[in-house]
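One structure below.
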Amino acid sequence: ECGYVQGMGCLVAFLLQYFSEEDTFYAMLALFRDERYSMRRLFADIKLEKLFIRFGQFDWILNRMYPKIAKKLNKFNIQSYLYAQNWLQTIFVHPYVLENDEMIAHLWDVFLSEGYIAVYLGGLGLLKAKRDRILEANARSENLTISQERLLTSDFIVEFLKVRLT
């Protein structure tokens with residue numbers, strides 16, 4: 001039903017750091033078949049409708065949790081589809097940055113335990129860690145650059161662990 005799709009290789013490469021080839025294959029099957037992870041929906045959907053639903057969900061959560069950040073991004077017409085595709089589709093493993101490994105592995109621990117909700121928490125934690133810079137930015141390009149930075153800071157994991165949706 002789903003062959004190779006862009007972004008899938010990043011997931012496989014990340015998993016191969018921790019599992020054998022065979023175990024990585026079965027891990028990918030689980031990620032695609034288990035509703036907690038819902039990865040098949042993101043990759044097998046030719047029109048990317050499911051991914052855009054995820055963007056809408058993330059924007060909605062961001063507006064509720066961090067309205068100042070959301071307002072600032074909205075001021076420059078910046079929706080999550082402009083900066084969050086790699087978060088929502090490859091669970092923060094693309095683009096690969098060696099210095100991010102430990103933090104991404106921690107996020108993946110939560111993702112594998114709790115399901116896709118961890119991706120939203122990761123995105124919220126990342127934006128919260130960049131809050132001051134986002135709010136101080138005076139241009140659309142500046143906010144896009146901040147929100148798309150590849151290197152995660154230690155503030156990311158602190159904020160990620162603080163985020164609660166309930």
Side-chain angles (χ1 to χ4, degrees), residues 7 10-11 13-15 17-18 27 30-32 34-43 45 48-138 140 142-166:
C10 300
L11 292 170
F14 179 76
L15 293 172
Q17 293 181 83
Y18 301 96
L31 290 172
F32 273 64
D34 192 317
E35 286 300 312
R36 288 179 297 169
Y37 313 118
S38 304
M39 299 301 292
R40 182 169 38 112
R41 292 180 186 168
L42 298 177
F43 285 100
D45 180 13
L48 300 177
E49 292 171 347
K50 305 297 188 240
L51 181 59
F52 277 91
I53 289 170
R54 298 284 189 192
F55 289 137
Q57 292 168 335
F58 183 79
D59 289 333
W60 186 87
I61 295 168
L62 179 63
N63 275 304
R64 294 326 175 261
M65 298 290 296
Y66 302 121
K68 288 182 181 179
I69 295 173
K71 185 177 179 179
K72 183 68 172 206
L73 294 175
N74 286 334
K75 176 183 175 183
F76 294 110
N77 196 28
I78 299 173
Q79 285 79 38
S80 60
Y81 66 84
L82 294 173
Y83 60 86
Q85 179 175 354
N86 292 330
W87 306 348
L88 300 178
Q89 194 169 32
T90 65
I91 323 302
F92 292 87
V93 299
H94 179 73
Y96 179 76
V97 177
L98 178 63
E99 294 83 0
N100 292 343
D101 267 359
E102 187 177 323
M103 288 180 273
I104 299 304
H106 192 77
L107 185 139
W108 267 76
D109 284 344
V110 178
F111 171 66
L112 293 173
S113 171
E114 303 300 321
Y116 200 84
I117 192 74
V119 181
Y120 295 131
L121 298 176
L124 292 171
L126 188 55
L127 291 177
K128 182 72 163 59
K130 299 176 179 187
R131 179 184 184 275
D132 293 342
R133 294 176 52 220
I134 290 170
L135 296 179
E136 291 171 4
N138 293 315
R140 184 174 199 258
E142 192 177 354
N143 262 319
L144 280 171
T145 299
I146 293 167
S147 62
Q148 294 174 338
E149 287 172 341
R150 296 176 178 191
L151 185 62
L152 302 176
T153 65
S154 58
D155 293 344
F156 160 71
I157 204 68
V158 170
E159 294 301 334
F160 167 65
L161 293 172
K162 286 182 185 177
V163 177
R164 299 285 182 264
L165 295 181
T166 56

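Worth knowing before you read on, the calculation uses all heavy atoms, side chains too, and leaves out hydrogens, waters and symmetry mates. Source: prediction; values computed, not measured.
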Query raised in the report: Residues two or more places apart in sequence or in another chain: which of them pass side chain to side chain contact (heavy atoms under 4.5 Å, CB included) with Asn100?
Result: Val97, Met103, Ile104, Leu151, Leu152

Are the side chains of [Y] and [X] in contact, using a 4.5 Å heavy-atom criterion?
| X | Y | value |
| --- | --- | --- |
| Tyr96 | Asp101 | yes |
| Phe55 | Leu48 | no |
| Met39 | Leu11 | yes |
| Ile157 | Glu102 | no |
| Leu31 | Ile91 | no |
| Leu82 | Arg140 | yes |
| Tyr116 | Leu88 | yes |
| Lys72 | Asn143 | yes |

Can you label the angle between the [X] ring and the [Y] ring as parallel, tilted or perpendicular, going by 30° and 60°?
| X | Y | result |
| --- | --- | --- |
| Phe92 | Trp87 | parallel |
| Phe160 | Phe156 | parallel |
| Tyr120 | Phe58 | parallel |

Query - Arg54 and Leu42: CA distance, side-chain angles, deciding distance, side chain to side chain contact (heavy atoms under 4.5 Å, CB included) verdict - result: CA-CA 9 Å; Arg54 298 284 189 192; Leu42 298 177; 3.8 Å; yes

Using only atom types and a distance under 3.5 Å, with no angle test, would you say the side chain of [X] pairs donor to acceptor with the backbone of [Y]?
| X | Y | answer |
| --- | --- | --- |
| Asp59 | Ser80 | yes |
| Tyr37 | Leu112 | yes |
| Gln89 | Leu51 | no |
| Lys68 | Arg131 | no |
| Asp34 | Ala30 | no |
| Ser113 | Asp109 | no |

Report task. Would you please say whether a donor-acceptor pair under 3.5 Å links the side chains of Asn77 and Gln79? Result -> yes

Calculate, to the nearest 0.5 Å, the distance between atoms [atom1] and [atom2] belonging to [X] and [Y] respectively.
| X | Y | atom1 | atom2 | value |
| --- | --- | --- | --- | --- |
| Trp60 | Met65 | CH2 | CE | 10.0 Å |
| Leu73 | Lys75 | CG | NZ | 11.5 Å |
| Leu135 | Ile146 | CG | CD1 | 9.5 Å |

Report summary line: Residue pairs passing the salt bridge (charged side-chain N to carboxylate O under 4.0 Å, His left out) test with at least one member in residues 142-153, sequence neighbours excluded, are Lys130-Glu149, Arg133-Glu149

Requested in this report: Would you name the heavy atoms of Leu107 and Gly122 that are closest together and state the gap between them?
Outcome: CD1-CA, 3.6 Å

Report task. Step through it carefully: locate the ring centre of Trp108, locate the ring centre of Tyr18, and say whether they are under 6.0 Å apart. Result -> no

